[in-house]
Amino acid sequence: MPPPTLARPGGPCLYPRAVPESRVPADDEPQFRYTAAMAQQIETKWQDEWERRGTFWAANPTGHLTDAAGRHADPAAGKFYVMDMFPYPSGKGLHVGHPLGYIATDVVGRYRRMQGDNVLHALGYDAFGLPAEQYALQTGRHPRLTTEDNIATMRAQLRRLGLAHDARRSFATTDESYVRWTQWVFLQMFNSWYDRDAPRRDGGRGAARPISELEEAFASGRKAVPGGGDWAAMDASARRRALNQFRLAYITDAPVNWAPGLGTVLANEEVTAEGRSERGNFPVFTKPLRQWNMRITAYAERLAADLDGVDWPEKVVAMQRNWIGRSTGATVDFKVAPGTGSPQAAAPDAVLTVFTTRPDTLFGATFMVVAPEHPLLAESTPSAWPKGAKAAWTGGHATPVEAVRAYAAAAAKKTAAERVAEGRGKSGVFTGLFAVNPVNDQPIPVFTADYVLMGYGTGAIMAVPAEDERDWEFAQAFDLPHVRTVQPPEDWQGGAWTGPGATINSANATISLNGLSVREASDGIVRWLAERGLGRETVTYRLRDWLFSRQRYWGEPFPIVYGADDQPIALPDEMLPVELPEVPDYRPRTFDPEDADSAPETPLARNAEWAHVRLDLGEGEQVYRRDTNTMPNWAGSCWYYLRYLDPAEAERIVDPAEEDYWLAPRADGDRAGGVDLYVGGVEHAVLHLLYARFWHKVLYDLGHVSGNEPFKRLFNQGYIQAHAYTDARGQYVAAEEVVEDAPGAFRHAPSGQPVTQEYGKMGKSLKNIVTPDDMYATYGADTFRLYEMSMGPLDVSRPWETRAVIGQLRFLQRLWRNAIDEATGEPAVSEAAPDEATAKLMHRVVAEVRQEMDAMRFNTAIARMIVLNNHLTGLAAAPRLAVETLVKLLAPVAPHIAEELWQRLGHAESLAREPYPQADPAYLAVETVTAVVQIQGKVRARLEVAPDISAAGLEAAALASPAVAAALGGRPVRRVIARPPRLVNLVV
RNA sequence: GCGCCAGUGGCGGAAUUGGCAGACGCGCAGGAUUUAGGUUCCUGUGCCCUCGGGCGUGCGGGUUCAAGUCCCGCCUGGCGCACCA
């Protein structure tokens, strides 16, 4: 049903004179002046009106979501999907920094809508997470209730901004109907594997496939069962165990990041370089625990390669590439045996495989290092020191077994940060083992040291001290030799030479690398190794699998149960969603932050009744144990852009017709597809944005979405910073009470004492919070929006300056006065056509504003609008055409006053879909331009010349000018550089 | 340590391609209206000046007829990475 239009189009609107607390109006103030009070009246009126009319309802191509007139989208017409990063509904309330991105996306959305695009813009809430649990504990209320309250508060605060969102499309990740599909995606991951040979829709090879295909391959013998089992002879439990090694979501006992102080395990992405938790800054220990993982490493290659196809800030692309950390090199196999005089412990055919990016230096490998967690140590460490073991190598231990065990135990007790910090001095211990260098059959000792990481490459390296600084340091510390295989420059002082150079000392009976470049030598030795089965070209990634389970309450439960064999079993789709149970205590079980021996405990396990469930999953009715972990906060934000298409969708994750309309690649050569514009802070560069891309690619492989990428264009907005002030004792004083006596000299007015200015974040403890509500009351939402958009480029951080906001209110006041008689509220425009100068300026401003808006340079767009408005202010009466043009130009940024003026100027319809002004090229032509005459590159005169003046004509005009003649003072002109029509430079 | 980005009036910023440095706004100054006040209006506002002009985009060089813009070397600030073999 189409909503009714406004009853009295263009009629006089009389407002009661509401008086904000902050201001008492003067008696002589005109009744219809645009003040903060007037702005409030206008803004709330139009917010109600837009809601009532369904002005911003976006139409889907099918289904129940139509526009306000009941129409579906026209697939042939333009569409634009603009999205903000998912807000977390905190209980703390907003400050003026929060809405920056929301205003920007609103401006873009409104601008596109005025150009005829069907614009999808909605805002949901990412509402699971630890803060809600903590807030619930403080208030004694269930997190669901506090979360709902927070969402309501945030909605109200944002509604007052006048954002053109389609409110029907809002939702929260905590909604049962949303959790159901988050769990569904998890099960898609659980029930899939990565088939490296499967052809992909985009022409590539390698894709997620249903796990049933793998079962068939095992059953038919097309693929060997790992461990060499016979599929037919295996029972259900053994089969589950085998399949678990291939699932994209799998449970495993691997070393994970355990933060006792936080009471949960964390993903690598959530651990800082210092080895502490990003949230809470607690120490993080590496500890083997049985946890859920996502096989994101299977997508490493595509996640790196497909960055070429997205329109993202280079910085974010670089951060993702660095995180994925693709590097090419070779793996090389070394035979390993205990040294002479040591009892045989290694299997005779034990092999140690290493990864290296410098296979060309293989002849210079003088020892080996394995990570303390390397499996070779447990299997093969001999029980006595061999001959040749130097005293410095043994760490004072009686046997290698003892030495290795002590070293590994010490390493496990350290946080990652400690390992790094202490590792600069290079610790380690000899393992009693020797490896044989395959190129020269030299035995070289094998050490274990924690500067080698189990998680990267093979967890083992060949050490080449002469060409690697870390190996050099280790060799120095342990009295190990080095052999140079790359010729350093003549002036080289010694130490490891990692630069380019000719290969030396690298020949055996069948190959010589001597004289070759690094590149040539690498290629040569890899070929030699490959021919003999001793090595191969290899690509490795820094990226690890994504640790996906958390020991928290307020998150999505896993739709997984365990039978007697303790192997995970998926619940059938009909049983989704698995709802969060009530528990006696939501609190995560936390420990002494330094207690590395503690182990996680899940809050969901506290509900014993829920944790066990009687089901028939095809093997007869029995009691199963539920998984009591919850998913990380990232799960909900990995696919929310699909949910805006229809949050009521109950049959499938997304309707294919809707997905195709809003997200499919459209332009030729575009494989990515995805949201047309995604605006948010840079802090999610490798967390959310990497995870969401991964999920999207899985959904792509499984046929649920039509493009490779979820976010076609990404824009990182800057942050709004703020000044804070401290007194002599270092205490913060209220920023609003500080006055500036002279540049750089600040004083706290109430106390009179001098204070020091700091620059940084806005925060309660810094006493410099300014809220949107303050701005609404003192200036109105339009002025606030205008100010935030005019402060500077959107992608740059800049300081908030409350006193500067007034400039934008003045602009709106002047615009209002150009359109409306302040005494009567009636239109004050002239009905005559604009004069020549006004028309020309108007068209030029239109052209410039469009250009700036297209490039999202709102600050300069607004500056141009002000120029036009200032011109109109100088006229006796502003022409209607010019005022209406300006109102339309401004509408995306200051929509309420624009609607109000539009209505008062006699228009019945909202201007939300009024075509954005277009410049008439006829008016952009100019009769004369100002040419500057430079002498020796300095401006000495200005001339009005025809725009099509020739170089000769310009030169003649310049030389004929008396001002130029005076400046030349009779000096002969040696050279003339004419750049008609704007510049001529005379060289004397 | 390595990499990337930035540095322009008292302040936020503009100058998209080497071609008039400082658009627009704040602040400030003067004036108007007003009993008064300013969230009103108008004018001015890079610095210096002997009123001719001179100087000026972090610093020092360079290329060019011409440099905020390009090149080289520094300084300062921010961000990212940091035993990844």
Side-chain angles (χ1 to χ4, degrees), chain A residues 22-26 28-30 33-36 273-274 314-316 318-319 322-323 325 327 329 354-358 361 369 419-421 423-424 426 449-453 455-464 467-471 473-474 540-544 682 685-686 740 742-744 778-779 783 786-787 790-793 796-811 813-814 817 822 851-852 855 857 859-867 870 873-874 930-939 942 974-979 982-988:
Chain A
S22 54
R23 181 169 180 273
V24 178
D28 62 337
E29 188 168 278
R33 171 161 291 173
Y34 183 80
T35 60
E274 289 77 40
E314 275 176 43
K315 183 185 170 180
V316 177
M319 283 169 75
N322 184 63
W323 188 260
S327 63
V354 302
F355 172 74
T356 177
T357 54
R358 294 290 303 276
T361 63
V369 186
R419 276 176 74 152
V420 170
R424 301 269 180 223
K426 294 288 177 297
D450 59 12
Y451 82 92
V452 172
L453 311 173
Y456 183 78
T458 62
I461 62 159
M462 62 179 209
V464 186
E467 277 91 36
D468 184 288
E469 280 163 16
R470 298 152 300 184
D471 297 345
E473 285 170 26
F474 193 88
T540 54
Y541 301 89
R542 212 181 76 111
L543 184 70
R544 320 283 166 81
V682 74
V686 283
E740 187 171 10
T778 319
Y779 302 99
T783 296
L786 204 48
Y787 174 65
S790 67
M791 289 167 77
V796 176
S797 296
R798 60 230 119 130
W800 177 264
E801 201 77 65
T802 297
R803 71 176 182 183
V805 179
I806 189 67
Q808 302 304 325
L809 179 66
R810 286 184 193 143
F811 165 42
Q813 266 175 346
R814 277 200 285 269
R817 237 187 329 265
E822 284 191 324
Q851 206 177 350
E852 300 304 289
R857 288 191 294 257
N859 55 329
T860 45
I862 291 165
R864 300 314 297 160
M865 295 179 210
I866 293 174
V867 167
N870 288 349
T873 305
T930 305
V932 303
V933 183
Q934 297 179 340
I935 294 169
Q936 306 291 68
K938 292 192 191 304
V939 179
R942 290 187 166 77
R974 288 191 297 132
R975 195 175 157 192
V976 179
I977 295 105
R979 289 283 178 278
R982 296 215 179 268
L983 183 134
V984 59
N985 191 7
L986 308 177
V987 186
V988 294

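Throughout, a chain's letter reflects where its sequence line sits, starting with A, and its residues are numbered from 1.
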>> Using the rule given for side chain to side chain contact (heavy atoms under 4.5 Å, CB included), can you reason through A:Val976 versus A:Val987, listing the C-alpha separation, both sets of side-chain angles and the distance that settles it, and then say yes or no?
In response: CA-CA 6 Å; A:Val976 179; A:Val987 186; over 6 Å; no
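In the set B:G13, B:A15, B:A21, the nucleotide with an atom closest to the side chain of A:Arg798 is B:G13. Relative to the side chain of A:Arg803, the nucleotides B:A85, B:G27, B:G12 differ in distance, and B:G27 lies closest. Picking from B:G25, B:U39, B:C42 the nucleotide with the shortest atom distance to the side chain of A:Gln808 gives B:G25. Comparing atom distances between the A:Lys315 side chain and each of B:C65, B:A85, B:C79 picks out B:C79 as nearest. Among the nucleotides B:C26, B:C20, B:G25, the one closest to any side-chain atom of A:Arg814 is B:G25. Side-chain atoms of A:Glu852 lie closest to B:U16 of the nucleotides B:C65, B:C11, B:U16. The side chain of A:Arg817 has B:U40 as its nearest neighbour among B:U39, B:A85, B:U40. Closest to the A:Arg979 side chain, of the nucleotides B:C26, B:G19, B:C24, is B:G19. Residue A:Ile866 has its side chain nearest to B:C24 when only B:C26, B:C24, B:U40 are considered. In this structure, the nucleotide among B:C41, B:G25, B:C26 sitting nearest to the side chain of A:Ile806 is B:C26.
Checking the phosphate oxygens (OP1, OP2) of B:G25, a side-chain nitrogen or oxygen of A:Asn870 falls inside 4.0 Å. Remark: A:Arg982 is not in phosphate contact with B:G19, judged by side-chain N or O atoms under 4.0 Å from OP1 or OP2. Distances shorter than 4.0 Å separate some side-chain N or O of A:Arg810 from OP1 or OP2 on B:C26. A:Ser327 has a side-chain polar atom (N or O) that falls below the 4.0 Å cut-off from OP1 or OP2 of B:A85. Contact check, A:Arg857 against B:A14: no side-chain N or O comes under 4.0 Å of OP1 or OP2. Contact annotation: A:Arg542 side-chain N/O to B:A82 OP1/OP2 distance is under 4.0 Å. Not one side-chain nitrogen or oxygen of A:Asn859 sits closer than 4.0 Å to the OP1 or OP2 atom of B:G25.
At the heavy-atom level, A:Asn985 lies under 4.0 Å from base atoms of the strands shown. Nucleic acid contact class of A:Thr873 (heavy atoms, under 4.0 Å, all strands): sugar-phosphate only.
For B:C20, its base sits under 3.5 Å from the side chain of A:Arg942 at one donor and acceptor pair at least. Not a single donor-acceptor pair, N or O on each side, falls under 3.5 Å between the base of B:U40 and the side chain of A:Gln813.
We find that CD of A:Gln851 is positioned 15 Å from C1' of B:A23, with the value rounded to whole Å. A straight line from CZ of A:Arg864 to C1' of B:U16 spans 14 Å, rounded to a whole angstrom. Counting to the nearest Å, the C1' atom of B:G25 and the CE atom of A:Met865 are 14 Å from each other. If you measure from atom CD of A:Glu801 to atom P of B:G10, you get 16 Å, rounded to the nearest angstrom.
In A:Arg982, the CZ atom is not crowded: 12 or fewer heavy atoms of neighbouring residues, nucleotides or ligands sit closer than 6.0 Å.
Residues A:Ser790 and A:Ala804 each lie close to RNA chain B; by heavy-atom proximity, the contact nearer the 5' end of the strand is made by A:Ser790. In this structure, A:Glu314 and A:Val932 both approach RNA chain B, and ranking their closest nucleotides by distance from the 5' end singles out A:Glu314.
B:G54 and B:C49: their C1' atoms are spaced 8 Å apart (whole Å). Spacing between B:A15 and B:G9 at atom C1', rounded to whole Å, works out to 15 Å. Taking atom C1' on both B:U40 and B:U50, the two are 42 Å apart, rounded to the nearest angstrom. On the P atoms, B:A6 is 13 Å away from B:G58, given to the nearest whole Å. To the nearest whole angstrom, the two P atoms, one in B:U57 and one in B:C20, are 15 Å apart. Between B:C74 and B:G25, the distance separating the two C1' atoms is 35 Å to the nearest Å. For B:C65 and B:G18, the C1' atoms lie 12 Å apart once the distance is rounded to whole Å. Between B:C79 and B:C83, the two C1' atoms lie 22 Å apart (nearest whole Å).
Base orientation for B:G7: anti, the chi torsion being more than 90° from 0. Because its glycosidic torsion is within 90° of 0, B:G9 is reported here as syn.
Checked by atom type, the side-chain pair A:Tyr456/A:Ser327 shows a donor-acceptor distance below 3.5 Å. There is no side-chain donor-acceptor pair under 3.5 Å between A:Gln808 and A:Thr783.
Without hydrogens or angle criteria, A:Asn859 side chain to A:Met791 main chain gives no donor-acceptor distance under 3.5 Å. With A:Arg979 contributing its side chain and A:Ile977 its backbone, the two residues share no donor-acceptor pair below 3.5 Å. Within the 3.5 Å criterion, the main-chain N or O of A:Val932 finds no donor-acceptor partner in the side chain of A:Arg942.
Salt-bridge formation is detected for the pair A:Glu822/A:Arg817: a Lys NZ or Arg NE/NH1/NH2 atom is positioned less than 4.0 Å from an Asp or Glu carboxylate oxygen.
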